[in-house]
Student: 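The structure follows.
Proteins get letters first, then strands, A, B, ... in listed order; numbering begins at 1 in each. No hydrogens, no waters, no symmetry mates; every other heavy atom, side chains included, goes into these values.
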2 protein chains.
Amino acid sequence: MPRAGLTPQTVVRSAAELADEVGYDKLTLAALAGRLGVALPSLYKHVRGADALDRKLAALAVGELADATTTAAAGRAGADALRAVAAAWRDYARRHPGRYQAAQRVPDHADPDHVAAGERALAPIYAILRGYGLTGDDAVDAARILRSAVHGFVTLAAAGGFGLPRDLDRSFDQLVAVLDTALRDWPEMTR
Amino acid sequence: MPRAGLTPQTVVRSAAELADEVGYDKLTLAALAGRLGVALPSLYKHVRGADALDRKLAALAVGELADATTTAAAGRAGADALRAVAAAWRDYARRHPGRYQAAQRVPDHADPDHVAAGERALAPIYAILRGYGLTGDDAVDAARILRSAVHGFVTLAAAGGFGLPRDLDRSFDQLVAVLDTALRDWPEMTR
DNA sequence: GACAGAAGCTAATGGCATTAGCTTTATGGC
DNA sequence: GCCATAAAGCTAATGCCATTAGCTTCTGTC
């Protein structure tokens, strides 16, 4: 019997593809083993179990999302950077719905790679905010707002929560325009 | 042996409580049966199965969310209404994390109650937007933005996605302030 | 070429969901 | 008041998934 030649890497990468294809909730060790042409328990030679796989997949996905947004932000600033990062973000979520969902898991403090990937994903956001002159508490609030808006949009869109026929691209452009305006005229109010 | 006296109503309500207590992902027919003091298969006398229970729970939760936001909007307009609805929304999600997650399931077209609840939940949002003078496509875009921002915020907050110690209430106030500004000075841009 | 370790396997266990079929309890008509 | 019936509950059986244990076989190194 020839060997399948699996590694932790290939197993996680295959899990990512499977999650994107069938949905994160239907990602199962049994289905993954089937896709890899291997008996289910064999996977335990490469990952500690279903929960560990989920964590590794989250780390992978956050890292990829960080790469995508970082690349999009390179060489840009202001509204230009905001648009590019938001577009890359949404694009990643659409192209990789399973991974994007997996990425929402909060990093385990004991996994430095996952934690680092999470920080890398935040970096382009704070870079954009610096470009708008926002730092400190303002930047924290603004980052939360930016993340909330974009994440909320792609999540609701992916779930089919936007029923009406109105073009989604238009709505997303408006969302980004609103964020740009908000960051330019940052409300001084609550201080 | 005395009867438990269950009904579809009590089963779904108990499921809602259980989901809030242990988390939506850990809501299981086995756990629900245990809480109700009944053997697992007995639940099938009241609900068609796990998936049907999820759907009923979603309908219940969306209805409750609609009630909460509708009540908050009553007698208010403009920024006042926006603040009240956003607060009620966030409050519901925090008080009922399991239900809120359940509510994200898109209504089955064959379930009129669920569909109606979904429309009731949208009503206060569109009412607010009318108060800002937004109708038609503008209202659709604005509603999507509003929903994205608030839903994204409560989702990320619930998942523990906001790591930093900065006060969440402050950030949420800023979010609502940003939305208020955006709705007042609605960008005419993309048309 | 032998051996050590890794990669794979089968078998067994336990949890959950579902279906089938049985027993018992309420209840409504006579 | 009694009995028939439908509903509410039960146990038993099946199937899928995750996990663990323990065995076999491949592969690379001396």
Student: Whether S42(A) contacts dA7(C) is assessed here as follows: a side-chain N or O lying under 4.0 Å from the phosphate OP1 or OP2. Is that the case?
Tutor: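 So the side chain of S42(A) is outside the cut-off, no N or O lying under 4.0 Å from OP1 or OP2 of dA7(C).
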Student: Inspect the contact between R166(B) and D141(A) and indicate whether a charged nitrogen and a carboxylate oxygen are less than 4.0 angstrom apart.
Tutor: yes
Student: Is R35(A) salt-bridged to E21(A), going by a charged N under 4.0 Å from an acidic O?
Tutor: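 Judged by the 4.0 Å cut-off on N to carboxylate O distance, R35(A) and E21(A) do form a salt bridge.
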Student: Atom CG of L43(B) to atom C1' of dA7(D): distance rounded to whole Å?
Tutor: 15 Å
Student: When you check every protein heavy atom under 4.0 Å of nucleotides 18-24 of chain D, what one-letter string (B, S, -) results, 5' to 3'?
Tutor: SBB----
Student: If the threshold is 4.0 Å, N to carboxylate O, is there a salt bridge linking K56(B) and D113(B)?
Tutor: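 The answer is no: the pair does not qualify as a salt bridge.
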Student: Whole Å only: how far is the NZ atom of K26(B) from the P atom of dC16(C)?
Tutor: 13 Å
Student: Is R13(A) salt-bridged to E64(A), cutoff N-O under 4.0 Å?
Tutor: yes
Student: Is the distance between the ring centroids of Y100(B) and Y24(B) less than 6.0 Å?
Tutor: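 Centroid distance Y100(B)-Y24(B): not below 6.0 Å, so no.
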Student: Kindly say if H46(A) contacts the phosphate of dG8(C), meaning a side-chain N or O under 4.0 Å from OP1 or OP2.
Tutor: yes
Student: Can the positive tip of R184(A) be found less than 6.0 Å from the middle of the six-membered ring of Y132(A), inside 45° of the ring normal?
Tutor: no
